[in-house]
Amino acid sequence: MTDERRNSGEEGLALKEARPELREPPLYKVVLLNDDFTPMEFVVMLLEKLFGMDREKATRIMLHVHTQGRGVCGIYTHEIAETKVAQVNEYARRHQHPLLCSMEEV
Ligand code: TYC
């Protein structure tokens with residue numbers, strides 16, 4: 001059988017050319033929201049612990065969220081972003097703070 005006939009759909013098995021995956025996975029911003037109750041020091045500690053920031057960067061992000069209402073703590077693939085959001089929300093709840101975190105596509 002010729003290649004043309006084999007790939008034409010006339011035979012039962014359709015063959016698909018193997019080709020490299022060209023598209024990058026979608027990315028998501030992990031967004032921290034401001035509230036009036038969570039202590040600033042707790043937010044700084046959380047950013048250090050869960051996002052690997054040093055104290056200077058964690059303080060800058062915390063103050064940005066405090067003054068602007070929200071701020072990005074990192075950009076990740078879907079699964080990692082979901083895990084970070086869950087970790088932030090669980091950690092805050094465990095310490096009885098109302099701090100909220102969410103994710104949105106870049
Ligand atoms: N606004 C809070 C305060 O004045 C501090 C804070 C910063 C809370 C960032 C949440 O994501 C947050 N204590």
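All heavy atoms count here, side chains included; hydrogens, waters and symmetry mates do not. Only a predicted model underlies this, so the values are computations on that prediction, with no experimental measurement involved. As the structure lists them, so they are numbered: ligands from 1, and atoms in each ligand from 1.
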request  = Determine, stepwise, if the pair Arg55 / Glu41 fulfils salt bridge (Lys or Arg N to Asp or Glu O under 4.0 Å).
outcome  = CA-CA 10 Å; Arg55 178 143 298 229; Glu41 182 54 36; 3.2 Å; yes
ask   = Does Val31 sit in a hydrophobic cluster with other residues, and if so which ones, taking ILVMFWY side chains as linked at heavy-atom separations under 4.5 Å, directly or through other members?
value = Leu33, Leu100
Pairs under 3.5 Å, N/O atoms on ligand 1 and on the protein: can you put them in a table with the distances?
unit_1, atom_1, unit_2, atom_2, d
ligand 1, 1 (N), Asn34, OD1, 2.8
ligand 1, 1 (N), Asp35, O, 2.7
ligand 1, 1 (N), His66, ND1, 2.9
ligand 1, 4 (O), His66, ND1, 3.4
ligand 1, 11 (O), Leu33, O, 2.8
ligand 1, 13 (N), Thr38, O, 2.9

ask   = How close do Met53 and Cys73 get, heavy atom to heavy atom, and via which atoms?
value = CE-O, 3.4 Å
Whether Phe42 and Tyr91 hold their rings parallel, tilted or perpendicular, with breakpoints at 30° and 60° = parallel
Acceptor/donor pairs from residues 64-71 side chains to any protein atom, 3.5 angstrom cut, sequence neighbours excluded:
unit_1, atom_1, unit_2, atom_2, d
His64, NE2, Arg70, O, 3.4
Thr67, OG1, Leu63, O, 2.9
Thr67, OG1, His64, O, 3.3
Arg70, NH2, Glu104, OE1, 3.1
Arg70, NH2, Glu104, OE2, 3.1

inquiry  = Which residues pass the side chain to side chain donor-acceptor pair (under 3.5 Å) test with Gln87, not counting sequence neighbours?
reply    = none
